[in-house]
Amino acid sequence: MEFKRMDLDALVLDPQNARTHNKKNQEAVRASISEFGQVEVLVVQKGSNIVIGGNCRLKEMRRLGHKEAWVAEVDVDDTKAKRLAL
């Protein structure tokens, strides 16, 4: 696992993300990021840049105009990435 800064434009939302967030939850995440900034890394699959953990945070960071995020890049295959995302 490697921690680093990445451009938000380089990150890919997981098209099979199992977690859904209603409007109230999205607003809460956005408010938290607005107040505190990013306090949790996004977990990203190395090579594909697909977000394994933090899709809602990524969306809200983009909405707030952030350009970069701290990520934990993990070197896992697609099967393990899907399992990890759950």
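Residue numbers count from 1 along this sequence.
M6 belongs to a hydrophobic cluster whose other members, connected by ILVMFWY side-chain contacts under 4.5 Å either directly or through intermediates, are L8, L11, L13, V29, I33, L42, V44, V51, L58, M61, L64, V71.
To the nearest 0.5 Å, atom CD of residue E27 and atom OG of residue S34 are 11.5 Å apart. A distance of 12.5 Å separates NE2 of H66 from CZ of R57, quoted to the nearest 0.5 Å. The structure places CZ of R83 at 7.5 Å from NZ of K80, a figure rounded to the nearest 0.5 Å. In this structure, CD in Q26 is found 9.5 Å from OG1 in T20, a value given to the nearest 0.5 Å.
Residues L86 and R19 approach most closely at O-NH2, 3.7 Å, considering heavy atoms. When every heavy atom of V12 is checked against every heavy atom of S48, the shortest pair comes out as CG2-O, 3.8 Å.
Salt-bridge check for E60 with R63: passed, with a basic side-chain N closer than 4.0 Å to an acidic carboxylate O.
Taking the salt bridge (charged side-chain N to carboxylate O under 4.0 Å, His left out) definition, one finds that E73 meets it with K4, sequence neighbours left out.
Atom CG of D77 has more than 12 heavy atoms from other residues, nucleotides or ligands within 6.0 Å.
Cluster membership for M1 and I50, using ILVMFWY side-chain heavy atoms within less than 4.5 angstrom, is not shared.
Using a 4.5 Å cut-off on side-chain heavy atoms (C-beta onward), I52 and K82 make no contact.
Using a 3.5 Å distance cut-off with no hydrogens or angles, the side chains of Q45 and D78 do pair a donor with an acceptor.
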